[in-house]
2 protein chains.
Amino acid sequence: MARRGRVELRRIEDRTSRQVRFSKRRAGLFKKAFELAVLCDAEVSLLVFSPAGRLYEYASSRCMPLADPRTLFCLPAPSTYSLLLCNFAQ
Amino acid sequence: MARRGRVELRRIEDRTSRQVRFSKRRAGLFKKAFELAVLCDAEVSLLVFSPAGRLYEYASSRCMPLADPRTLFCLPAPSTYSLLLCNFAQ
DNA sequence: CACTATGAATAAGA
DNA sequence: TCTTATTCATAGTG
């Protein structure tokens with residue numbers, strides 16, 4: 001009725017199990033990220049792509065990068081945004 | 001000799017405690033991020049700024065898309081990314 | 001999606 | 001740092 005032993009650190013082959021584990025662990029990871037930001041006054045940015053390509057994201061403030069399907073990054077200022085993209089491109 | 005109760009979810013006022021907690025939880029968070037990537041075949045990007053402004057980062061691959069999967073905007077190198085983020089965060 | 005036994009993380013203390 | 005008492009996360013199940 002619970003886990004039988006230590007968790008093996010390798011890709012889960014079963015597709016269904018992998019998706020379920022992904023949902024659960026993703027939730028746990030985002031919770032931890034949030035807690036770190038709050039408890040320790042840190043800035044945190046977390047981006048996760050599911051195997052299916054769906055994006056999940058968290059940022060502790062507007063000064064951390066967020067991915068947006070349309071704009072690539074959500075930045076405080078458009079000018080900064082352009083500059084950042086230019087730098088990245090080279 | 002161990003925790004005395006439930007952890008309160010708010011900023012830790014004591015500077016020393018906050019730094020110790022930050023180190024421990026940061027390590028835990030990065031481990032979880034790594035595990036999610038390996039176990040569930042996901043792409044993960046994690047950025048953390050300490051209160052002192054120091055950056056810690058993880059990406060499940062050097063080509064972790066930080067944006068639209070269609071554009072597949074890849075990072076040239078972690079160092080470049082760090083530099084850009086520092087500029088942008090201030 | 002809820003439950004629960006068990007492994008893991010971690011807050012304090014040393 | 002290292003240890004240990006506890007809380008917390010979560011794998012397997014219903």
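Below, chain A is the first sequence line, B the second, and so on; all start at residue 1. What you see is a predicted model, and the numbers here were worked out from it, not measured in a lab.
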Check: B:Arg18 side chain, B:Glu13 main-chain N or O, donor-acceptor pair, under 3.5 Å: yes
To the nearest 0.5 Å, what is the distance between CZ (B:Phe30) and CG (A:Leu29)? 10.0 Å
How many angstroms lie between atom CD of A:Glu43 and atom CG of A:Leu36, to the nearest 0.5 angstrom? 10.5 Å
Could you check whether the side chain of A:Lys24 and the base of D:dA11 have a donor-acceptor pair of N or O atoms closer than 3.5 Å, going by distance alone? yes
With a cut-off of less than 4.0 Å, is there a side-chain N or O of B:Arg3 near OP1 or OP2 of C:dG13? no
Atom-pair distance (CZ on B:Arg18; P on C:dA12), nearest Å: 14 Å
Quick check on D:dT10: is either OP1 or OP2 less than 4.0 Å from any side-chain nitrogen or oxygen of B:Lys32? yes
Could you give the CG-to-C1' distance, from A:Asp14 to D:dA11, as a whole number of Å? 13 Å
For A:Arg4 and D:dG12, give me the distance from atom CZ to atom P, rounded to whole Å. 6 Å
Take the protein atom CD of B:Gln19 and the nucleotide atom C1' of C:dA11, then report the distance between them rounded to whole Å. 16 Å
In whole angstrom, give the distance that lies between atom CG of A:Leu9 and atom P of D:dT10. 14 Å
Contacts of B:Val7 and A:Gly5 projected onto DNA chain C by closest heavy atom; the upstream (5') one is A:Gly5
Please report the distance, rounded to the nearest Å, between CZ in B:Arg6 and P in D:dC8. 6 Å
Over how many whole Å does the gap from B:Arg26 atom CZ to C:dT10 atom P extend? 12 Å
In whole Å, I'd like the distance from the CG atom of B:Leu36 to the C1' atom of D:dT10. 13 Å
Look at B:Lys31 and C:dA8 and indicate whether a side-chain polar atom (N or O) is within less than 4.0 Å of OP1 or OP2. no
Minimum heavy-atom separation for A:Leu39 to B:Arg10, with atom names? CD2-O, 3.2 Å
